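Beneath this line is the structure, given in structure tokens, with notes to follow.
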Amino acid sequence: MSSRAGTTCTDCTAASATSAPPSTRPHSQPDHHTNGVRQSGASSDFDITLSAALVALGCNVGVEAVAGNVPALHRRHITYVIDNFLRPDRLEALNNRLLARQSQLAVAAAWNGGHMASVEGQRMVAPPGAIQARLSPHGAAYVTHLTLLSGQAMGLRSEVVAGSAHTCLHVLDVLNDRRTSALKATSTRSQHPQKIVAEGGPHQEIIFGLLALSGYTYAPTAADITDMTLARMDTASGEDYGPLQHATRNKIDTALIARHWDEMLRLVGAVHLGRVRSADAIRMVVRNGTPTSLGKALAHYGKIFKTAHILDLIDNPEYRRQIETQSSRHGQRHELAAKIYHGTEDRIHRYQTGMEEQLSALGLIVNMVVLFNTAYIDLFLAKKADHLRPVPDEVVRSLSPFLYRHIHMKGRYAFEMPELSDSSMRAVEDLDDGPDDTTGENTNAT
């Protein structure tokens with residue numbers, strides 16, 4: 001893929017070669033990950049082979065579409081890299097470099113900082129024989145592709161879960177998996193969100209409680225809250241809640257919470273350590289659709305944070321704007337991913353066994369596009385400020401890096417890497433608004 005402006009973002013294009021651990025870089029000592037490519041004489045162009053492998057896998061176009069006559073683009077070399085290098089740990093290492101680079105840009109700090117994230121799922125049709133598939137009551141088999149998106153619009157993690165379950169049931173699993181992987185990436189500054197935007201679902205108050213005990217704030221949009229009922233705690237002194245006295249007729253049973261407090265902590269500890277998945281924990285405290293005594297205690301504890309969240313949505317426009325913006329950006333991320341994954345129409349909604357690595361490669365390419373766009377948005381804002389025409393803060397916060405009109409999605413693929421330097425980005429005044437992207441026979445995709 002290439003920018004219509006003909007620009008190259010240094011970190012995006014060089015990530016595949018420079019963001020991997022030293023043992024996997026083109027000029028490092030041979031190891032078992034790159035030995036097959038080195039013996040074939042393509043070691044000096046490993047970055048080209050890796051870029052072609054990412055496009056073949058992440059764009060769903062296959063090896064034939066990116067293969068060429070030069071040794072680095074030989075089909076055998078690209079296939080070797082896909083099979084032996086594009087594994088989850090390597091893709092995550094590449095992604096961490098992109099996250100670290102974007103966090104250095106000033107405009108990224110204006111996009112909800114690093115304290116907010118969102119989790120959304122996309123339902124995918126799966127073959128009935130797939131391990132992850134779960135049959136629906138109508139006989140179709142589904143899986144759900146979950147993605148964790150930071151407040152700065154960068155994908156932090158993705159995973160596939162069985163069935164078409166509600167995303168909110170798996171939020172804590174995705175967050176814990178991200179936290180575990182972030183602890184291993186000691187060389188990069190990891191993002192640790194506190195507020196989590198996710199869709200609503202059944203037993204929402206239990207989810208409020210579980211996330212609160214785990215140190216997170218569950219922040220669904222107003223449209224995703226299944227029940228807007230407020231609650232209050234009554235004490236012996238009988239406080240007066242003023243105008244909210246009538247609205248908060250639902251009572252929080254503090255005695256029930258106290259009786260089950262130790263059990264609640266043990267359950268959350270088991271989820272935190274990975275011994276129990278959060279979706280399974282919710283099933284343990286809900287039987288036949290009715291919460292157990294422990295489930296009721298979690299629900300009453302969750303009412304505290306649910307009530308505070310609803311009041312913030314009503315009274316704090318900035319809080320409401322942040323949540324709505326984060327939810328909207330996640331939808332834009334799905335749209336961009338569908339455009340990039342263009343090899344076969346509608347294939348992104350059809351799951352095949354072993355598709356997880358392909359979805360991870362797609363997520364890496366999406367993050368490269370986001371970093372590219374963020375860098376140029378940051379450059380544009382700096383240019384405006386230099387000319388004493390700064391963009392208002394509220395406009396900056398609403399900008400989206402999920403733009404793709406300037407990216408050629410289809411055409412011939414060229415992987416000749418230019419010499420990159422700190423001044424490789426074009427000046428803002430040289431950029432112009434072109435027409436909508438049109439794909440022709442002579443389109444060149446880089």
Side-chain angles (χ1 to χ4, degrees), residues 1-2 12-28 30-98 124 127 130-132 145 155 157-160 181 337-338 340-344 347-348 350-369 409-417 445-446:
M1 295 181 291
S2 67
C12 297
T13 53
S16 57
T18 61
S19 61
S23 62
T24 64
R25 294 177 185 171
H27 300 289
S28 62
D31 61 16
H32 66 283
H33 296 298
T34 59
N35 213 24
V37 179
R38 293 182 185 285
Q39 291 176 357
S40 63
S43 60
S44 61
D45 294 326
F46 178 70
D47 50 356
I48 296 178
T49 307
L50 180 56
S51 299
L54 278 173
V55 171
L57 197 63
C59 297
N60 194 36
V61 295
V63 174
E64 292 295 328
V66 298
N69 296 325
V70 296
L73 295 177
H74 194 280
R75 294 170 182 79
R76 181 167 59 88
H77 300 159
I78 297 173
T79 302
Y80 183 88
V81 170
I82 292 175
D83 293 340
N84 296 277
F85 188 85
L86 297 185
R87 301 197 309 269
D89 56 334
R90 299 304 176 93
L91 291 171
E92 189 169 2
L94 297 174
N95 197 47
N96 285 335
R97 284 295 295 271
L98 299 179
M124 306 172 71
I131 297 177
Q132 294 278 26
H145 178 221
R157 188 171 184 84
S158 68
E159 57 184 68
V160 175
S181 62
I340 293 175
Y341 195 85
H342 65 270
T344 304
R347 270 292 298 275
I348 197 170
R350 296 185 179 276
Y351 174 82
Q352 299 294 330
T353 302
M355 195 176 175
E356 287 81 358
E357 291 185 5
Q358 192 171 9
L359 292 172
S360 297
L362 171 62
L364 184 64
I365 295 177
V366 171
N367 277 359
M368 288 180 178
V369 174
M409 298 296 180
K410 300 178 182 179
R412 293 195 299 269
Y413 294 91
F415 297 96
E416 289 75 14
M417 300 284 286
T446 304

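Remember, predicted model here, so these are calculated numbers, not experimental data.
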Of the non-hydrogen atoms in V66 and A56, which two are nearest, and what is the gap between them? CG2-CB, 3.8 Å
Quick one: does P71's side chain get under 4.5 Å of D45's, heavy atoms only? no
At what distance, to the nearest 0.5 angstrom, does CD of E357 lie from CG of L359? 10.5 Å
Can you sort out the partners of A361 under side-chain contact (heavy atoms from CB on, under 4.5 Å), two or more places apart, ordered by chain and number? L54, L57
Could you pull out the closest heavy-atom pair between A67 and I78, with the gap in Å? CA-CD1, 4.1 Å
Can you tell if the side chain of Y80 reaches within under 4.5 Å of the side chain of T49, non-hydrogen atoms only? no
Atom pair CG/CG of L94 and D89 - distance to nearest 0.5 Å: 10.0 Å
Side-chain donor or acceptor of H342 paired with backbone N/O of I340 under 3.5 Å: yes
To the nearest 0.5 angstrom, please state how far the CG atom of N95 sits from the CD1 atom of I365. 11.5 Å
Taking C-beta and beyond as the side chain, do H145 and M355 meet within less than 4.5 Å on heavy atoms? no
Can you list every salt bridge (Lys or Arg N to Asp or Glu O under 4.0 Å) pair that touches residues 55-66, not counting sequence neighbours? E64-R75
Please say which of I82, L73, V55 ends up in a side-chain contact (heavy atoms from CB on, under 4.5 Å) with V63. I82
Give the ring-plane orientation class for F415 versus Y413, where under 30° counts as parallel, over 60° as perpendicular and anything between as tilted. parallel
Before giving the answer on side-chain contact (heavy atoms from CB on, under 4.5 Å), spell out for F46 and V81 the whole-Å C-alpha distance, their side-chain angles and the decisive distance to 0.1 Å. CA-CA 9 Å; F46 178 70; V81 170; 3.8 Å; yes
N60 (side chain) donor-acceptor with L362 (main chain) under 3.5 angstrom: no
Please identify each residue that fulfils salt bridge (charged side-chain N to carboxylate O under 4.0 Å, His left out) with E159, with sequence neighbours left out. R157, R277
How far does CD of E92 sit from OG of S360, to the nearest 0.5 angstrom? 9.0 Å
Could you walk me through whether L364 and L98 pass side-chain contact (heavy atoms from CB on, under 4.5 Å), step by step? CA-CA 9 Å; L364 184 64; L98 299 179; 3.6 Å; yes
